[in-house]
Amino acid sequence: MKKSWYFGLGIFIYFLTIGMGNMGERSVIDIPEPEKNYAVAFVDQTDVSMDLEKFSFEGQTYFIGKLGRAEISIDFDKIDSVLFILQDNYVKAKVSLKDGKALEILVDKGKNCYGISSFANIRIEVQDIKKITMHGKALNN
């Protein structure tokens, strides 16, 4: 009886350690290819700043959020900068437009932004971004 109990325990430990074998390992960050190449400067919540190219929001070249009850999308061509403030399940995005207007939208905090720096591929959740500043119009790919 004891031998079968030890054998069962050994099998349980074996499967437990096999299942944990790849914990913590991550693959290469794949950057979605946006339709236009936008260059930005961004600062994260720890005040680390980077310049990025091929910047996108979930692979798209516009931010999607809520303005009141309406869902809206703002094309990167219209944006000068965005300041992010974490609030519960959403992030308040204070969007400064190139025409001088400003508006506040709510963005899902788990959405990702992507870009390429001179040294790495970058993926960052919206909740971890402090500020994004657009560098003019889209660059040539």
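Computed from heavy atoms alone, side chains included, the values below leave out hydrogens, waters and symmetry copies.
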*Heavy-atom donor-acceptor pair, Glu125 side chain to Lys111 backbone, under 3.5 Å*: no
_Atom pair CE (Met50) and CZ (Phe119), whose distance is rounded to the nearest 0.5 Å_ = 5.0 Å
*Run the side-chain contact (heavy atoms from CB on, under 4.5 Å) check on Lys98 and Asp80 step by step: do they pass?*
CA-CA 5 Å; Lys98 290 181 180 173; Asp80 184 47; 4.1 Å; yes
*About how many Å separate CD1 of Ile116 and CD of Glu53, when rounded to the nearest 0.5 Å?*
8.0 Å
*No-hydrogen, no-angle side-chain donor-acceptor test under 3.5 Å, Asn121 and Tyr114*: no
*Measure from the ring center of Phe42 to the ring center of Phe55 and say whether it is less than 6.0 Å.*
no
*Check the hydrophobic clustering (I, L, V, M, F, W, Y; side-chain heavy atoms under 4.5 Å; chains of links allowed) and say if Tyr62 and Ile105 are grouped together.*
yes
*Enter the distance from Lys94:NZ to Lys131:NZ here, rounded to the nearest 0.5 Å.*
11.5 Å
_Tell me whether Asp47 is salt-bridged to Lys130, with the criterion being a basic N under 4.0 Å from an acidic carboxylate O._
yes
*Between Glu71 and Lys66, is there a donor-acceptor pair closer than 3.5 Å when you use the side chain of the first and the backbone of the second?*
no
*With distance as the sole test, does Asn37 use its side chain to make a donor-acceptor pair with the main-chain N or O of Lys54 at under 3.5 Å?*
yes
*Work out which heavy atom in Glu104 is nearest to a heavy atom in Leu67; give both atom names and the distance.*
O-CD1, 3.3 Å
*Does Ile124 belong to the same Ile/Leu/Val/Met/Phe/Trp/Tyr cluster as Ile64, with side-chain heavy atoms less than 4.5 Å apart forming each link?*
yes
*Of all heavy-atom pairs between Asp108 and Val126, which one has the smallest distance, and what is that distance?*
O-CB, 4.2 Å
_Please report the interatomic distance CD1(Ile122) to CG(Leu52), rounded to the nearest 0.5 Å._
6.0 Å
*With a cut-off of 6.0 Å (strictly less than), are more than 12 heavy atoms of other residues, nucleotides or ligands near CG of Asp99?*
yes
*asked:* Let me check something: do Val107 and Leu97 share a hydrophobic cluster, defined by ILVMFWY side-chain heavy atoms less than 4.5 Å apart, either directly or through other members?
replied: yes
*Would Val43 end up clustered with Ile85 when hydrophobic side chains under 4.5 Å apart are linked, directly or stepwise?*
no
*Minimum side-chain heavy-atom gap Lys36-Asp77 below 4.5 Å*: yes
*For Thr61 and Pro34, work out which heavy atoms get closest and say how close.*
CG2-CB, 3.7 Å
_Could you measure the distance from the SG atom of Cys113 to the CD atom of Glu58? Nearest 0.5 Å is fine._
8.0 Å
*For Phe63 and Ile132, run side-chain contact (heavy atoms from CB on, under 4.5 Å): C-alpha distance rounded to whole Å, both residues' side-chain angles, the deciding distance at 0.1 Å, then the answer.*
CA-CA 12 Å; Phe63 281 108; Ile132 294 172; 3.9 Å; yes
*Decide yes or no on side-chain contact (heavy atoms from CB on, under 4.5 Å) for Val91 and Leu86, but give the supporting numbers first.*
CA-CA 4 Å; Val91 173; Leu86 186 59; 3.8 Å; yes
*asked:* Do Ile129 and Val82 make a side-chain contact, defined as non-hydrogen atoms from C-beta onward lying under 4.5 Å apart?
replied: no
*Mind listing the closest non-hydrogen atom pair of Ile31 and Gly115 along with its distance?*
CD1-O, 3.4 Å
*Where is the tightest heavy-atom contact between Pro32 and Ser56, given as atom of each residue plus distance?*
CG-OG, 4.2 Å
*To the nearest 0.5 Å, tell me how far Gln127 CD sits from Gln45 CD.*
9.0 Å
*Test side-chain contact (heavy atoms from CB on, under 4.5 Å) on Lys92 and Leu106 and set out the steps.*
CA-CA 5 Å; Lys92 183 189 296 183; Leu106 295 178; 4.2 Å; yes
